[in-house]
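Remember, it's 1-based here, ligands and their atoms both numbered in the order they're listed. The chain is numbered in sequence order, starting from 1. The figures that follow rest on heavy atoms only: side chains count, while hydrogens, waters and symmetry mates do not.
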Amino acid sequence: MRLYQLGNLGNLDALKLVEAPDPKPGPGQVVVRIRACSLNHRDLNIVSGGYTSHALKPSAIPLSDGAGEVIAVGPGVTRWKQGDRVAPIFVQRWLGGGLQLEYMPSALGGPSDGVLAERIVLSEEGLVRIPAHLSFEQAATLPCAAVTAWNAAMVRGALAPGQTLLTLGTGGVSLFAAQFGLATGARVIATTGTAEKIARLKKLGIADVIDSRAEPAWDARVRELTAGRGADVVVDVGGPGSIARSIAALRYCGHVSVVGNLAGKATIDPAALFAKRASMCGIQVGSRDVFEAMNRAIEVGRLEPVIDRVFDFSETRAAYEHLASGKHFGKVVIRVP
Ligand SMILES: NC(=O)c1ccc[n+]([C@@H]2O[C@H](COP(=O)([O-])OP(=O)(O)OC[C@H]3O[C@@H](n4cnc5c(N)ncnc54)[C@H](OP(=O)(O)O)[C@@H]3O)[C@@H](O)[C@H]2O)c1
């Protein structure tokens, strides 16, 4: 079988396509034939060598997100049988409850081997069943971006019908959060920076889109759109550089889920948080329980992920380049033969 490995990190030359023997399942393990993978912003950081939270093992297989079918089960496996349609969970050891630091080395695509391979072997515990109405390409978008959005908006943010959710930009996490908000009956306010992306957000059903280039003080516009009340929940992918505005956009006692760090470094003023009696938390994707709860909601709502573009396995480098260009709207997917 073929798989990608990461060589010397620094740029996309690190991506190496190699041949490897087919994996065999040990006790409690299953082999999954991967049918599609998707990219996350983190995968750009990993290949460039800028992802420092955990050291990558040499020649690691990249990417955390994929979907496929079970083709072999090892001795003692009870959760799966051949033909089951599955996706891996991001932190393989995090099945439920609170995240423990010691689980983090089991995160796929860094530091553990990821999914950009024709076949992978995983513990039977590290998989979920994918929603029945989704294709493999659609399901491959779920493990990181969608679970993160669900955890940030619905679990930690406790978004409720009638509340207002603010999302920033049109990347994978933000669009999933916006879709979950709409499906819940919340009002969604989104920011983005081009006329084309504004039109696409409106087509998704988001009536209130703020042009972040024309209105860099988008927090003021959020307060204006909510008659001074502010957003109940913000899913903040900008991190250090946008948190001050996210807090300013919040209602009294609102919540900010901090997911990313796209907007560079800045300091935050704890007094601003205190003045609002607001809460803020950092998000790490989500557990298997969270993934399964989200999948039930996706199935009931027949929600479909927003896929920007699908690349072939042999075009993996082009897929990374496309994500890095920032031109995408939603998820960038790789089809695995
Ligand atoms: N904590 C976790 O568990 C977790 C999980 C997933 C992702 N993340 C992090 O969350 C962030 C988003 O990830 P992703 O995979 O959704 O990214 P992505 O698909 O690459 O999307 C990035 C999008 O964000 C917008 N953006 C770019 N710079 C921005 C800025 N300075 N402020 C606000 N928005 C900006 C752009 O959309 P527009 O062109 O529309 O503005 C861009 O297309 C990354 O930092 C990633 O590492 C964290």
#### Entry: Cys144 heavy atom under 4.0 Å from ligand 1
yes

### Message
With a 4.0 Å cut-off on heavy atoms, is Lys327 in contact with ligand 1?
### Response
no

### Message
Applying a heavy-atom cut-off of 4.0 Å, say which part of Thr148 lies close to ligand 1: side chain, backbone, both or neither.
### Response
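It is the side chain that gets close, since no backbone atom is under 4.0 Å.
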
### Message
For His41, which part has a heavy atom under 4.0 Å from ligand 1: side chain, backbone, both, or neither?
### Response
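The answer is both.
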
### Message
Need the ligand 1 atom indices (1-based, order shown) with element for anything under 4.0 Å from a heavy-atom of Asn261.
### Response
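Answer, ordered by atom number: 45 (O).
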
### Query
Just which atoms of ligand 1 are under 4.0 Å from any heavy atom in Ala263?
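Within the 4.0 Å cut-off of Ala263, ligand 1 contributes 30 (C), 31 (N), 32 (N).
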
### Message
Would you say OH of Tyr252 has more than 12 non-hydrogen atoms from neighbouring residues, nucleotides or ligands within 6.0 angstrom?
### Response
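More than 12 within 6.0 Å, yes.
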
### Message
If we check side-chain contact (heavy atoms from CB on, under 4.5 Å) with Phe180, which of these qualifies: Leu165, Ile298, Leu159?
### Response
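Only one of Leu165, Ile298, Leu159 forms a side-chain contact (heavy atoms from CB on, under 4.5 Å) with Phe180, namely Ile298.
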
In a table with atom names and distances, give each donor-acceptor pair under 3.5 Å that connects a side chain of residues 301-313 to protein atoms at least two apart or in another chain.
residue, atom, partner, partner atom, Å
Glu304, OE1, Gln138, NE2, 3.2
Asp308, OD1, Phe329, N, 3.0
Asp308, OD2, His322, NE2, 2.6
Asp312, OD1, Arg335, NH1, 2.8

### Task
Taking all non-hydrogen atoms of both residues into account, name the closest pair between Val233 and Gln163 and its distance.
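Reported closest heavy-atom pair: CG2-OE1, 4.4 Å.
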
### Query
Quick one: side chain to side chain contact (heavy atoms under 4.5 Å, CB included) partners of Ser174, sequence neighbours excluded?
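Counting only residues at least two positions away or on another chain, Ser174 forms a side chain to side chain contact (heavy atoms under 4.5 Å, CB included) with Thr167, Val237.
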
### Query
Salt bridge between Glu292 and Arg79, side-chain N to carboxylate O under 4.0 Å?
yes

### Message
Less than 4.0 Å from atom 23 (C) of ligand 1, is there any heavy atom belonging to the protein?
### Response
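True for atom 23 (C) of ligand 1.
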
